[in-house]
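This report concerns only the one structure given below.
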Amino acid sequence: MKLNDEQIKFVEELLGKMTLEEKVGQLNQESTSIVGGFDVPFEELIEMVTDGRISQEEFGKIMASAERDYHEDEIRAGMVSSFLDNDPRKINELQKIAVEETRLGIPLLIGFDVIHGYRSVYPIAIAEAGSFDDELMEKTARMAAKESRAYGICWNFAPMLDVARDSRWGRVSEGPGEDPYLASKFARAKIKGLQNGNESGECYVAACTKHFVAYSACEAGRDYNTTSMSLSQLHNVYLPPFKAAMEEGACSAMASFNDLNGVPCTVNSYTLRDILKGEYDCKGFVVSDANGIKECVVHGIAEDETDAGVKALNAGLDMDMGTHIYYNYMVQAVKDGKVSMETLDDAVRRILSVKVWLGLFDNPYVDEAVIAAYEAGIPESHKELCLRAAEESVVLLQNNDDILPLNKDTKFTLVGELADRADEVVGAWSLGWDVADCVCVKAGLEAAGAKFDYYPVCGPEDEINEKELKAAIDSENNIVIAVVGEYKSMSGEASSKADITIPGQQRKMLQELKAAGKTVIAVLMNGRPLALGWEKENIPAIIEGWHLGIQMGTAIAEVIFGDVNPSGKISSTFSSMNGQEPMYYNHPNTGRPGSKSKFTSKYLDAPVDPCFPFGFGLSYTTFEYNDLKLDETDDEIKATFTLKNTGKCAGTEVAQLYMQDVCASLVRPVKELKNYERISLDAGESRQVTMSLSKSDMGFYDNQGKYVFEKGLFRIYVGGNSRDTLMEEIRLD
Ligand code: BGC
């Protein structure tokens, strides 16, 4: 985010005209309050939906008829800066109050969670990152920006950049996986896609990188839990995608709920002031996560709400989401000298700058004709992009004896309740879609002209329907495609799980089908890497379909019939058993790496190796890597190798380059991803490929948070996943 001189002058003049109250008002975000219109208090309603007394659908219906307070009076008083909502016509009404009825006419910043698409939902982030396609990631973000801006949302609470190494944590679904390099590339692509329209003249929004920081390192994978780590780990693993996003000019960041080494990120001046606004030179602002400031009292880091507000604002937290603490107490805190005017001005300046950068002072309103057009249907080009993203994100995990692709004339049986759930393909944190646009697996197969019988048998939470299972078993069809996995509500926020195997009786269903002699093809629909030890041993073909968005069914059918040759890779390690978590490929070496010998780092009852390693994914063809050679120039290492398509059809391979710093002053990871490239080859074609690794990327952060490069021996690996690689050594002096 960059402002020109005229815009900077505008912000300064506006700031100069503001009263203390108006300044504090600019730090306040409101959302619609539910004030009644139903029989039980709102809090109880939330409990009822949480404990299952009412379904999500019933809850939705009650909410739709609830009475709401849009805080018009506070807006009119100039005490609201931002509003969290997605009703475009209401947004226009509220904006009109802010622009026409307040003393200074400062427009509202409308924020909302648009994580993987709005109307046109594309794959969840953990899936899309597995496409290893930066251009695609940028394009999908641009589409999301266009759609959100059309609905009046000009500030997206995305991208979510939490590097996640523990699949028990439900929010792994929202982020780009376990690798800091891939996450940083994802971050750059998303910021460009969301924000670059500011220069190119296309639609754009302000990005909000989240959750800052180390939220995903929560102990035991339990959401909101405490995190503690060395400075080296913080800087090497969790901060890099945020650094990359800030280098691309990201407009804002959201402070995470967790405490980091004892200091909640909401009041953490080291992460907010020293790192984000200092070292990374963030010119935008920081918003708390929902209710975050108030929670500092519960954390036991602030005595009361005033204390929490003072600590947060002084630490560099500019906008309060959801608690009214700034609104209620910060005027007095400034008068009492607990917060300086300089600190307040800095926060207000940052927020106003984003509003100016967004052009809100020139054009604050939503064009209702554009909304009407979207309401009538999403553009074909958006559907096509969602399909391409789904096709590139599907991962073929197993294909014994080349069972797949199927011939279109093969009659099969389809089982699994999820196969027929169009409302489940969109994954967690998707809020603007219409089920009429969503293609479930069953519909995708039907549209492809497949011949099959369908028996739901069971879903993630049901008992097996024995009659349907018997019908599937008694059928003459030998091949059974089983769509199994998780509902979208089983991942995302507050959805941590201690058991990450395929939930409910779905595995039992697979076991019964296998025992009956069926050839089972599993299509997984899930938001987290599942522990697939049993499935790997027993199910000959496994397609990882994640929650692929509105075009899920079409993409899965294309893969099943070979119209699309899968090229996606997993952006996160898959373990075999629950107890192996957290499991990630880029772990530090131990002095006793796991081996056959007893006194090494391993389990007595589980393998030490992953079920499927990071970067893994099969194709209907095969690729061979040969002749790795390294060359050194002043600035970089060039790795040259031959990649050959050794199979019978054309395909795309994601070639990956890793490095290992063999001996350093701190224990370094056994491998670190440093580059990747999607390479398409015809059957039999071979190509000499050169991938480079800049020397400036070969260092690491030490325990003072300082980046150091240490000369010595390095290993360079290339391959199609993090496990199966060629290796050469090089010594840098
Ligand atoms: C989540 C954020 C989200 C915010 C606003 C919070 O509960 O942690 O990711 O952006 O709500 O909806």
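Counting convention: from 1, in listed order, for ligands and their atoms alike.
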**Prompt:** Ignoring hydrogens and geometry, is there a side-chain-to-backbone donor-acceptor pair from Ser216 to Val163 under 3.5 Å?
**Reply:** yes
**Prompt:** Listed by chain and number, what are the salt bridge (charged side-chain N to carboxylate O under 4.0 Å, His left out) partners of Lys355, not counting sequence neighbours?
**Reply:** none
Give every pair formed by an N or O atom of ligand 1 and a protein N or O atom closer than 3.5 Å, one pair per line with both atom names and the distance to 0.1 Å, or write none.
residue  : atom   : partner : partner atom : Å
ligand 1 : 7 (O)  : Glu493  : OE1          : 2.7
ligand 1 : 7 (O)  : Glu493  : OE2          : 3.0
ligand 1 : 8 (O)  : Arg171  : NH1          : 2.8
ligand 1 : 8 (O)  : Asp289  : OD1          : 3.3
ligand 1 : 8 (O)  : Asp289  : OD2          : 2.6
ligand 1 : 8 (O)  : Glu493  : OE1          : 3.4
ligand 1 : 9 (O)  : Arg171  : NH2          : 2.9
ligand 1 : 9 (O)  : Lys210  : NZ           : 2.9
ligand 1 : 9 (O)  : His211  : NE2          : 2.7
ligand 1 : 10 (O) : Asp113  : OD1          : 2.6
ligand 1 : 10 (O) : Lys210  : NZ           : 3.0
ligand 1 : 12 (O) : Asp113  : OD2          : 2.4

**Message:** Does this structure show an ion pair linking Arg273 with Glu279, if we count only N-O contacts that are shorter than 4.0 Å?
**Reply:** no
**Test salt bridge (charged side-chain N to carboxylate O under 4.0 Å, His left out) applied to Glu74 - qualifying residues, sequence neighbours left out** = none
**For Glu93, all residues meeting salt bridge (charged side-chain N to carboxylate O under 4.0 Å, His left out), sequence neighbours excluded** = Lys90
**Item:** Residue Arg222 excluded, over 12 heavy atoms near CZ under 6.0 Å
**Value:** no
